[in-house]
Amino acid sequence: QVTAGSCFFAIEGVAADGHNYINSAVEKGATVVICKRLVEGADTERATHIVVEDTDKAMALVASNFYGNPSRKITVVGVTGTNGKTTIATLLYDLVRAMGHKAGLISTVVYKVDDEQIESTHTTPDTIRLNAMLAAMVERGCEYCFMECSSHAIVQRRIYGIHFAGALFTNLTHDHLDYHKTFAEYIRAKKIFFDELPKGSFAIVNCDDRNGEVMLQNTAAKPLTLSIRRHADYTCKIMETTAEGMMLRIDNTDLWVGFLGRFNAYNLLTVYAAAVELGLDKDEVMRCLTLLHPVDGRFDIVHAGDGTTAIIDYAHTPDALENILKTVGEIRTKNQSVTLICGCGGERDKTKRPEMAAIAQKMADRIIVTSDNSRTEKTSDIMADIKEGMDISGRSRSLFIEDREEAIRTAIMIAGQGATILLAGKGHETYQIIGTEKRHFDEKEIVEGIFATMR
């Protein structure tokens, strides 16, 4: 992307080191190079070389300044945690827009500048693209931006220099240990976000998660807690559950919401708490909560004419899979069977594969293990890792089908009329990565097509 007059940042990445490309960047016209060290043969005549201690931080600050420090001209709220980030950020965006405010969204599913949709490439984009989008939001008159802050983005300093008005912590469960190596490092990554919050901001954490209050240690932000089990600054109680939604009691007020599951009670309580801390009218927030809808690919329900139900969800961690299966168990009828379709991503944390298998065999009547985004790992090897987590009982109730579309068709065929089929792991994704090829694969589209032939 270098053109004449560019500034080139030499970033030490996971797979490559930008310092190896400095000389070719100068050849292409870069006139400024920001790096951690001078490379051999550095052309300091054609380009100014600035040596810094941390190029990630330097790039973040330069990007922020280059775009006029947009995060100080818009109210930015960041959401971090293993599960729930996309739902909470998206619902906050939907909520404030329902209340008449312009807003931006940065999420795993999509980026939005007011009502303009931009394809999402990462949960949290690189710092240059992030600041460019924040600047676009300011230009479009947005008052708020709600963004997911992944642990990768935090340690890679993609959000460094962003001025946050608030930070939200959902939970911390088994994930990303392929990158962070240890759970302690994963916790540390999340905590950096809270440690660097400015005075005058707020930090809301789920204190039902044992790591919630850890996030509040050493933060300069206003510390706040939420819970559905014990006393906290914000509390919620599930009063009633049906197949259509839940009755929640938040802040001593009962309201009906079109969401299911304990995990969604946490999500909605977090949305409410954040909205109140942003100074929005409590009664209006309550009213708008009843109007919100689940996010695409999160407990997305498709019905067939014969009473068969397919539920599509992004659950790809042990905790998320357990939560979604619990919710399915709460709403199914006594004799309704549950068939689970699941796999695990290739080139990602292998240690969670047997854990997810153990949960699957414990909570599903029938299991079909299949591909997810296998990437350059063999699907058969991933499936073998999953199988290791099952005992004889689990294996006897399981099928192993590499082709995911074939697995879906098989599940629908053998599940029987009126059964529930849970498709876990893909959710909103409309593609599948096999090898290095990214293929179109939309589970909802496939399920609706199969159900249409059953009418």
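Position 1 is the first residue of the sequence, and the numbers go up from there. As the structure is a computational prediction, the values presented were derived from the model and not from experiment.
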Nearest non-hydrogen partners of Ala275 and Leu92, listed with the distance: N-CD2, 4.4 Å

Intermediate values then yes/no, side-chain contact (heavy atoms from CB on, under 4.5 Å), Ile367 and Gln361: CA-CA 7 Å; Ile367 306 153; Gln361 72 171 16; 4.0 Å; yes

Please report the shortest heavy-atom distance between Cys149 and Gly78, naming the atom on each side. SG-CA, 3.9 Å

If you apply the rule side-chain hydrogen bond (donor to acceptor under 3.5 Å, both in side chains), what do you find for Thr235 with Ser227, and how did you get there? CA-CA 5 Å; Thr235 58; Ser227 172; over 6 Å; no

Taking the side chain from Thr453 and the backbone from Ile450, do they hold a donor-acceptor pair closer than 3.5 Å? yes

Pairwise side-chain contact, Met99 with Val285, heavy-atom cut-off 4.5 Å (strictly under): yes

Any side-chain donor near an acceptor of the partner, Thr379 and Ser374, under 3.5 Å: yes

According to the ring pair (Phe, Tyr, Trp, His ring centres under 6.0 Å) rule, which pairs have a member within residues 229-265, sequence neighbours left out? none

Ring pair (Phe, Tyr, Trp, His ring centres under 6.0 Å) contacts touching residues 406-430 (sequence neighbours left out): Tyr314-His428

Spacing of CE belonging to Met383 relative to SG belonging to Cys342, to within rounding of 0.5 Å: 10.0 Å

Heavy-atom side-chain contact between Ile238 and Glu330 under 4.5 Å: no

May I have all residue pairs that pass salt bridge (charged side-chain N to carboxylate O under 4.0 Å, His left out) and include part of residues 286-307, sequence neighbours excluded? Glu284-Arg287, Asp300-Lys444

One should read off an interatomic distance between Ile324 CD1 and Ile359 CD1, to the nearest 0.5 angstrom, of 12.5 Å

Is there any ring pair (Phe, Tyr, Trp, His ring centres under 6.0 Å) pair reaching into residues 193-218, and which pairs are they, with sequence neighbours excluded? Phe164-Phe193

Mind checking ring-ring contact (aromatic ring centres under 6.0 Å, His included) for Tyr111 and listing every partner two or more places apart, or none if nothing turns up? none

With a 4.5 Å cut-off on side-chain heavy atoms, are Thr308 and Phe451 touching? yes

Write down the atom of Ile434, the atom of Asp372, and the distance for their closest heavy-atom approach. CD1-O, 4.1 Å

Check whether any side-chain N or O of Asp313 sits under 3.5 Å from a backbone N or O of Phe299 as a donor-acceptor pair, and report yes or no. yes

So CG of Leu321 and NZ of Lys362: to nearest 0.5 Å the spacing works out to 11.5 Å

Which salt bridge (charged side-chain N to carboxylate O under 4.0 Å, His left out) pairs, counting each pair once, include a residue from residues 424-440, with sequence neighbours left out? Lys426-Glu429, Glu437-Arg439

d(Asn171 CG, Thr317 OG1) to nearest 0.5 Å is 8.0 Å

For Ile386 and Met356, run side-chain contact (heavy atoms from CB on, under 4.5 Å): C-alpha distance rounded to whole Å, both residues' side-chain angles, the deciding distance at 0.1 Å, then the answer. CA-CA 7 Å; Ile386 295 170; Met356 292 180 72; over 6 Å; no

Evaluation steps, side-chain contact (heavy atoms from CB on, under 4.5 Å), between Glu443 and Arg404: CA-CA 9 Å; Glu443 278 194 335; Arg404 195 171 178 103; 2.4 Å; yes

Could you list the residues that satisfy side chain to side chain contact (heavy atoms under 4.5 Å, CB included) with Val214, not counting sequence neighbours? Ile187, Lys191, Gln217

Examine distances only and state if a side-chain atom of Thr410 and a backbone atom of Glu406 form a donor-acceptor pair shorter than 3.5 Å. yes

Determine which pairs satisfy side-chain hydrogen bond (donor to acceptor under 3.5 Å, both in side chains) with at least one residue from residues 264-275, sequence neighbours left out, and list them in order. Asp208-Tyr266, Asp251-Tyr272, Asn264-Asn267

Run the ring-ring contact (aromatic ring centres under 6.0 Å, His included) test against His163 and tell me which residues pass, sequence neighbours left out. none

Shortest non-hydrogen contact between Thr430 and His440, atoms and distance: O-ND1, 3.4 Å

Once salt bridge (charged side-chain N to carboxylate O under 4.0 Å, His left out) is applied, what residue pairs with a partner in residues 331-344 remain, sequence neighbours excluded? Arg332-Asp365

Before you tell me yes or no, could you show the steps for Asp114 and Arg97 under salt bridge (Lys or Arg N to Asp or Glu O under 4.0 Å), namely the whole-Å CA-CA distance, both residues' side-chain angles and the distance that decides it to 0.1 Å? CA-CA 9 Å; Asp114 191 16; Arg97 283 174 59 82; 2.9 Å; yes

Over all heavy atoms of both residues, which pair between Thr225 and Ala232 is shortest? Give the atoms and the distance, please. OG1-CB, 3.4 Å

Taking Ile421's backbone N and O only, do any of them form a donor-acceptor pair with Thr339's side chain (distance below 3.5 Å, no angle check)? no

Is there a side-chain hydrogen bond (donor to acceptor under 3.5 Å, both in side chains) between Thr86 and Glu148? Walk through the geometry before answering. CA-CA 7 Å; Thr86 299; Glu148 293 186 56; 2.6 Å; yes

Taking atom types as modelled, is there a side-chain donor on Asp319 or Asn83 under 3.5 Å from an acceptor on the other? yes

Under 3.5 Å: donor-acceptor pair, side chain of Arg375, backbone of Gly346: yes

Main chain of Thr108, side chain of Ser120: is a donor-acceptor contact present, judged purely on distance under 3.5 Å? yes

Quick one: salt bridge (charged side-chain N to carboxylate O under 4.0 Å, His left out) pairs with a partner in residues 385-398, sequence neighbours left out? Arg353-Asp385

Main-chain N/O of Ala10 paired with Thr55 side-chain donor or acceptor, under 3.5 Å: yes

Let's go through Lys352 and Glu355 carefully: what are the C-alpha distance in whole Å and the side-chain angles of both, what is the deciding distance for salt bridge (Lys or Arg N to Asp or Glu O under 4.0 Å) to 0.1 Å, and is it a yes or a no? CA-CA 5 Å; Lys352 70 182 181 184; Glu355 283 189 42; over 6 Å; no

Distance (rounded to the nearest 0.5 Å) between Cys142 SG and Leu105 CG: 10.5 Å

Check each of Thr170, Leu216, Asp233 against Val205 using the side chain to side chain contact (heavy atoms under 4.5 Å, CB included) test, and report the only one that passes. Leu216

Can you list the steps and then say if Ile162 with Asn131 is a side-chain contact (heavy atoms from CB on, under 4.5 Å)? CA-CA 8 Å; Ile162 301 295; Asn131 277 282; 3.7 Å; yes

Show your reasoning for whether salt bridge (Lys or Arg N to Asp or Glu O under 4.0 Å) applies to Glu405 and Arg409. CA-CA 6 Å; Glu405 184 169 350; Arg409 291 184 182 280; 3.3 Å; yes

Atom pair SG/CE of Cys207 and Met215 - distance to nearest 0.5 Å: 13.5 Å

So which heavy atom on Thr370 is nearest to which on Ile341, and how close? CG2-CG2, 3.7 Å

How would you list, by chain and number, every residue that makes a ring-ring contact (aromatic ring centres under 6.0 Å, His included) with His101, sequence neighbours excluded? Tyr144

